[in-house]
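All ligand and atom numbering here is 1-based and tracks the order in the structure. What's counted below: heavy atoms across the whole structure, side chains too, no hydrogens, waters or symmetry copies.
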Amino acid sequence: MTAKIIDGKALAQDTRQEIKQRVSQISKNQRVPCLAVVLVGENPASAVYVRNKIKACEEVGIKSLFEKLPAETSEKDLLSCIDRLNKDDTVDGILVQLPLPKQISEQKVIEAIRVDKDVDGFHLINVGALASGLDGFRPCTPSGVMRMLESINYPLSGKHALVIGRSNIVGKPMALMLLEKNATVTIAHSKTVNLKELAKSSDIIVVATGRQKTLTADMVKPDAVVIDVGINRDAQGKLCGDVDTEAVMQIAGHITPVPGGVGPMTIAMLLVNTLQAYERKFKD
Ligand code: GUN
């Protein structure tokens with residue numbers, strides 16, 4: 001038996017369609033939502049991600065404001081750029097693409113973004129809201145994964161979920177979101193000694209290590225749901241995730257492909273958050 005594919009591309013397309021309709025309605029008598037995207041430096045992967053985010057905004061009618069700053073930008077200059085965007089009433093969401101050049105403190109920059117414009121959900125207040133089960137912006141990648149799990153009507157309550165990777169962007173918020181749905185959650189990381197044993201007893205495995213073949217077929221329980229957050233290039237230069245997909249497909253019940261899995265959902269959730277930032281503002 002081979003695993004069912006969770007088609008992130010199609011699901012993201014549905015989400016984008018819903019947003020497009022809502023933005024089109026809004027545009028009849030109000031300004032449309034606007035996302036400011038800040039890119040510092042020339043990291044090629046970041047440049048691709050940012051381009052895709054801006055393109056996705058255009059497709060649904062969300063306005064985007066692209067702030068491209070040179071690699072040698074000082075922390076002070078980036079903070080004043082953020083201050084300007086914070087004060088601009090026509091900007092609803094602000095995204096500063098990470099990683100940042102090493103002369104800049106990422107944490108300082110994240111904390112400088114207004115909480116109600118923090119569509120990445122990285123600000124301490126939004127992180128705290130998630131940890132406390134309160135409303136706030138939630139990071140896009142784990143939110144996208146939750147939508148993917150909803151799309152297969154997977155009952156998370158009481159299930160053992162393993163999150164491999166403990167980043168602030170994916171692993172930690174992912175674990176909190178699964179916990180909120182009453183899964184029994186384990187977080188594994190590079191120092192975990194019994195990864196295979198943990199994986200083998202898991203109903204859901206989310207892999208976000210940035211390392212190819214972190215999860216191999218011998219680690220997977222039959223019928224498990226496998227979510228691959230990784231985006232890597234293999235020795236042939238082909239895109240691949242963190243999971244040995246071809247082999248794991250033979251064991252798992254569901255699996256997400258790379259490309260066409262979590263990646264498109266991350267971008268779709270950014271649009272959802274941007275629309276939410278806009279709508280919250282107009283509710284007051
Ligand atoms: N770098 C890698 N993933 C992300 C993300 O989701 N948001 C931002 N701002 N930077 C990233």
Side-chain angles (χ1 to χ4, degrees), residues 8 12 15 35-57 62 64-69 71 73 75 78-79 81-82 85-86 91-102 104-115 117-127 130 136-148 163 165-177 206-211 227-233 239 241-242 256 258-259 261-274 276-277:
T15 307
L35 173 68
V37 179
V38 184
L39 175 65
V40 187
E42 308 290 337
N43 180 320
S46 291
V48 173
Y49 296 144
V50 161
R51 201 180 322 129
N52 289 340
K53 288 171 185 178
I54 291 172
K55 199 167 135 235
C57 284
I62 288 178
S64 60
L65 204 64
F66 183 31
E67 300 276 350
K68 189 173 186 316
L69 302 171
T73 300
E75 187 177 278
L78 179 55
L79 290 173
C81 170
I82 291 168
L85 296 169
N86 277 342
V91 170
D92 304 294
I94 302 171
L95 177 145
V96 179
Q97 187 65 27
L98 303 178
L100 289 169
K102 52 184 181 319
I104 301 174
S105 154
E106 288 188 351
Q107 199 52 40
K108 249 194 206 167
V109 169
I110 288 167
E111 296 316 314
I113 297 170
R114 265 179 66 147
V115 176
K117 295 192 181 191
D118 171 37
V119 286
D120 259 326
F122 294 164
H123 191 287
L124 287 181
I125 301 273
N126 283 319
V127 173
L130 169 60
F137 290 114
R138 294 181 167 202
C140 302
T141 300
S143 298
V145 171
M146 295 308 284
R147 280 232 174 159
M148 293 176 104
V163 180
R166 55 173 156 179
S167 69
N168 290 341
I169 296 181
V170 184
K172 287 184 210 166
M174 184 78 256
L176 288 168
M177 288 182 206
V206 181
V207 195
T209 58
R211 205 162 37 80
I227 308 284
D228 190 349
V229 179
I231 304 178
N232 312 295
R233 293 222 176 248
L239 275 187
D242 296 347
T256 65
V258 177
V262 175
M265 286 307 294
T266 295
I267 297 188
M269 297 317 290
L270 172 66
L271 302 176
V272 169
N273 281 356
T274 303
Q276 202 177 79

List by chain and number: which residues place a heavy atom under 4.0 Å from ligand 1?
Lys53, Leu95, Val96, Gln97, Leu98, Asp120, Phe122
Do Lys53 side-chain atoms and Leu95 backbone N/O form a donor-acceptor pair below 3.5 Å?
no
Mind running side chain to side chain contact (heavy atoms under 4.5 Å, CB included) on Tyr49 and Leu39 for me, showing each step along the way?
CA-CA 10 Å; Tyr49 296 144; Leu39 175 65; over 6 Å; no
Kindly check if the number of other-residue, nucleotide or ligand heavy atoms within 6.0 Å of CD (Gln107) is above 12?
yes
Taking all atoms of both residues into account, what is the closest heavy-atom pair of Val109 and Leu79, and its distance?
CA-CD2, 4.1 Å
Under 3.5 Å, side chain of Asp242 to main-chain N/O of Val229, donor-acceptor pair present?
no
By side chain to side chain donor-acceptor pair (under 3.5 Å), which residues pair with Lys55, not counting sequence neighbours?
none
